[in-house]
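First the structure, in the form of structure tokens, and then the observations on it.
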Amino acid sequence: MSLRIYSTLTQALEPFEPFVSGQVRMYTCGVTVYDLCHIGHARSALVFEVVRRYFESSGYRVTFVRNFTDVDDKIINRARQLGIPWDALAFRYIQAFRQDMAALGIGQADIEPKATDHIPEMIRLISTLLERGLAYAVDGDVYYAVRRFPEYGKLSHRSVDDLRAGARIEVDERKRDPLDFALWKASKPGEPSWDSPWGLGRPGWHIECSAMSSKYLGETFDIHAGGEDLIFPHHENEIAQSEGATGKPFARYWLHNGFVTVNGEKMAKSLGNFVTIRDALDRFSPEALKLLLLSTNYRGPLDYAESAVLEKAKALAGLQDFLRAVDRLGAGTAPRQPEGGLAPGALPEGPHPAEAAFRRAMDDDFNTARALAVLFDVVREGNRLLSEAGEAAARDPGELPALRAAAALLRRLGWVLCLDLRGGGPVVSAFATVRLQRPAAEALQELSVLVQCGASSPADRERQLTWVVQELLAHREAARRAKAWAAADAIRQALTAQGFRLEDTKTATHAVSQSTDIHRLPAIAVTLVKE
RNA sequence: GACGCCGUGGCUGAAAGGUGAAGCAGUGGGCUGCAAACCCACGGAUGCAUGUUCGAGUCAUGCCGGCGUCUCCA
């Protein structure tokens with residue numbers, strides 16, 4: 001079985017064959033930087049990041065380009081409203097985009113070109129189109145002559161006549177056809193402008209992607225991707241420009257992601273129903289949000305609701321709990337830190353049937369929903385091993401490799417899905433080593449203070465929380481040994497109220513901070529071994 | 001109007017024409033001092049109607065309902 005991709009161009013699943021053996025060259029249309037990005041942008045970025053990672057995990061060398069549109073009407077208008085230079089506005093939102101991506105754990109593209117850095121390339125391309133009779137200049141503007149490109153409409157599967165019938169475009173007398181689009185716009189006073197053979201002006205929107213994609217990926221490359229709203233006119237126009245200029249096929253596979261909706265309606269600025277990435281990450285963990293965004297096919301709509309993110313946060317906790325449980329196994333009964341946690345890939349990686357199932361799912365047009373189900377299957381099987389072997393697994397060398405292999409597999413597959421499953425390694429200590437120097441009530445007081453307002457720095461807060469939770473676990477264990485259930489339960493209730501979940505096993509007690517609400521606690525896990 | 005997408009259990013959502021995933025929620029049991037977590041078991045779904053087929057969630061036709069694009073948009 002090999003990878004098949006749905007291409008908008010053919011409206012069918014196509015076997016993927018790279019243009020150059022062993023390499024994948026992909027271009028995605030990035031954002032126009034005039035405002036903060038919302039969940040819809042996050043979905044698009046995430047989906048194509050997963051595509052990129054799947055190619056990489058399949059052994060391809062990937063060159064990934066994602067542009068910034070940093071000059072356009074919206075940027076100019078917004079900057080004017082705010083009374084700041086247009087390029088300062090663009091710079092601000094490029095930074096914001098990068099911060100958002102970093103917060104989501106989505107990598108940078110290999111190349112992130114800006115339109116304004118490629119004006120000469122665009123002018124050359126426009127000149128070529130003029131030479132080939134596909135464009136015409138009028139009063140300092142240059143338009144693409146749609147009628148001169150016979151294949152116009154092949155991506156959006158509409159004829160020029162269809163498009164004109166439904167067009168809501170205002171009539172411009174200077175255009176030969178209402179569908180003709182601007183390659184170059186004469187600039188008005190006060191607007192950003194560059195010198196060109198047609199006078200001072202600025203590029204049209206579509207030309208930048210044609211110019212930059214061919215510069216960095218060649219005239220023909222593998223994958224061109226973006227939101228489905230870009231199919232027409234943006235991507236249709238790119239094809240007209242690029243294939244018109246080169247006479248060669250442009251992108252070979254066209255991928256388009258579906259919209260994020262809210263109550264069934266498209267998330268959009270104009271509807272006012274958008275949630276910025278920042279707003280979402282202020283409330284939820286990035287992994288929970290990403291789990292939601294990957295829980296359905298990338299081409300279909302995805303409804304965003306807070307309840308849905310919370311549900312995914314719980315599902316995610318199941319994955320993390322299992323990984324933590326495996327991490328704890330090696331810690332044994334000695335009061336020591338696990339040595340460096342588990343580095344993905346550092347463990348023996350025998351063939352695992354789940355990996356094959358994962359690849360079958362991803363080979364089917366990047367079916368992340370099915371791929372995620374494979375992860376949960378691995379966890380259930382692993383938990384079964386854990387519970388059947390019970391605590392004995394900690395000492396039974398026979399079970400450890402299988403469990404560690406499962407954990408390593410989960411982390412590796414999680415990486416492909418852009419899910420960070422590393423988690424915080426558990427802090428393990430032994431009951432005998434924790435000295436109870438103050439009453440439980442004082443420790444509880446400190447816990448409450450730490451949870452509410454925190455310490456001088458996040459690192460301090462985490463360290464102090466770990467310390468006090470450990471102390472409280474020891475107090476509770478002492479009470480349990482005395483069968484003072486009320487005292488033990490009071491400590492558990494207090495910890496629960498502060499956001500920790502307690503789990504008793506035969507040999508240890510674990511306290512894990514619950515991360516469904518992000519405001520909250522650092523992700524910590526403390527284990528007290530009874531001995 | 002043109003082009004396209006979607007209707008699967010309580011909710012979210014998978015499914016090579018061949019026993020209808022997975023997650024969340026629910027019920028019962030195991031484990032536990034009691035919990036929690038986990039495991040086991042259980043319950044329940046293909047919008048409607050025809051048709052093709054040995055066999056249809058899947059293919060065809062029609063209908064009903066929802067959505068998108070054709071204008072800047074991920």
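Letters A, B, ... mirror the listed sequences (proteins, then strands); counts begin at 1. Please read these numbers as outputs of a predicted model, since none were measured by experiment.
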Next item on the list: Can you figure out which of B:rC72, B:rG33, B:rC39 approaches the side chain of A:Pro233 most closely?
Entry: B:rC72
Next item on the list: For A:Leu271 and for A:Ile39, locate the closest nucleotide of RNA chain B by heavy-atom distance; then report the residue assigned to the nucleotide nearer the 5' terminus.
Entry: A:Leu271
Item checked: Contact check, side chains of A:Leu465 and A:Val451, non-hydrogen atoms, under 4.5 Å -> yes
Margin query: Under a 3.5 Å cutoff, is there a donor and acceptor pairing between the side chains of A:Glu14 and A:Ser7?
Written below: no
Next item on the list: Between B:rG65 and B:rA49, how far apart are the C1' atoms? Round to whole Å, please.
Entry: 15 Å
Item checked: From B:rA74, B:rC34, B:rA15, nucleotide with atom closest to A:Arg476 side chain -> B:rC34
Margin query: I want to check one thing: is the phosphate of B:rA74, taken as OP1 and OP2, less than 4.0 Å away from some side-chain N or O of A:Lys269?
Written below: no
Notebook entry, point to check: Between B:rG33, B:rA15, B:rA37, which nucleotide has the shortest distance from any of its atoms to the side chain of A:Asn367?
Noted result: B:rA15
Check: Looking at the side chain of A:Phe232, which of B:rU71, B:rC38, B:rA15 is the nearest nucleotide?
Finding: B:rU71
Item checked: Among B:rG13, B:rC31, B:rA22, the nucleotide that comes nearest once only the side chain of A:Ala373 is considered -> B:rA22
Check: When the C1' atoms of B:rC39 and B:rC31 are considered, how many whole Å apart are they?
Finding: 9 Å
Notebook entry, point to check: Partner of B:rG44 by Watson-Crick or G-U wobble geometry, both contacts under 3.5 Å, or none?
Noted result: none
Checklist line | Verdict with reasoning, A:Thr69 to A:Val31, per side chain to side chain contact (heavy atoms under 4.5 Å, CB included) | finding: CA-CA 6 Å; A:Thr69 298; A:Val31 291; over 6 Å; no
Checklist line | Backbone N/O of A:Glu238 and side chain of A:Ser210: donor-acceptor pair under 3.5 Å | finding: yes
Notebook entry, point to check: What about A:Arg492: does its side chain form a donor-acceptor pair under 3.5 Å with the base of B:rC34?
Noted result: yes
Next item on the list: Can you figure out which of B:rA22, B:rA74, B:rC24 approaches the side chain of A:Asn257 most closely?
Entry: B:rA74
Note to self: Please tell me if A:Arg380 has a side-chain N or O lying less than 4.0 Å from either OP1 or OP2 of B:rA22.
What the structure shows: yes
Note to self: Can you check the distance between B:rG44 and B:rC38, where both ends of the measurement are the P atom (answer in whole Å)?
What the structure shows: 25 Å
Next item on the list: Answer yes if the side chains of A:Asp363 and A:Tyr54 hold a donor-acceptor pair under 3.5 Å, and no otherwise.
Entry: yes
Item checked: Under 3.5 Å side-chain donor-acceptor pair for A:Asn67 and A:Glu208 -> yes
Notebook entry, point to check: Among the nucleotides B:rA74, B:rC38, B:rC40, which one has an atom lying closest to any side-chain atom of A:Met267?
Noted result: B:rA74
Note to self: Please name the nucleotide paired to B:rC5 by Watson-Crick or G-U wobble geometry with both distances under 3.5 Å, or report none.
What the structure shows: B:rG66
Margin query: Suppose we define a pair by two distances each less than 3.5 Å, Watson-Crick or G-U wobble; what does B:rC11 pair with here?
Written below: B:rG23
Checklist line | Check: B:rG33 base within 3.5 Å donor-acceptor of A:Asp504 side chain | finding: no
Checklist line | Gap in Å between the two C1' atoms, one belonging to B:rU61 and one to B:rA74, rounded | finding: 36 Å
Checklist line | Aromatic centroids of A:Phe221 and A:Phe250 separated by under 6.0 Å | finding: yes
Checklist line | Nearest-angstrom distance, C1' atom, B:rA16 to B:rG28 | finding: 37 Å
Check: Where the side chain of A:Arg158 is defined as all heavy atoms beyond and including C-beta, which of B:rA2, B:rC24, B:rC38 is the nearest nucleotide?
Finding: B:rA2
Notebook entry, point to check: Where the side chain of A:Ala315 is defined as all heavy atoms beyond and including C-beta, which of B:rC39, B:rC24, B:rA74 is the nearest nucleotide?
Noted result: B:rC24
Note to self: I'd like the P distance from B:rG26 over to B:rG20, given in whole Å.
What the structure shows: 26 Å
Next item on the list: Could you give the distance separating B:rA60 and B:rG68 at their P atoms, to the nearest angstrom?
Entry: 25 Å
Margin query: Distance check, P atoms only: B:rG13 and B:rG23, in whole angstrom units.
Written below: 16 Å
Notebook entry, point to check: B:rA22, B:rC11, B:rA25: which one has an atom nearest the side-chain heavy atoms of A:Glu311?
Noted result: B:rC11
Item checked: A:Glu228 vs A:Val374, nearer the 5' end of RNA chain B by closest nucleotide -> A:Val374
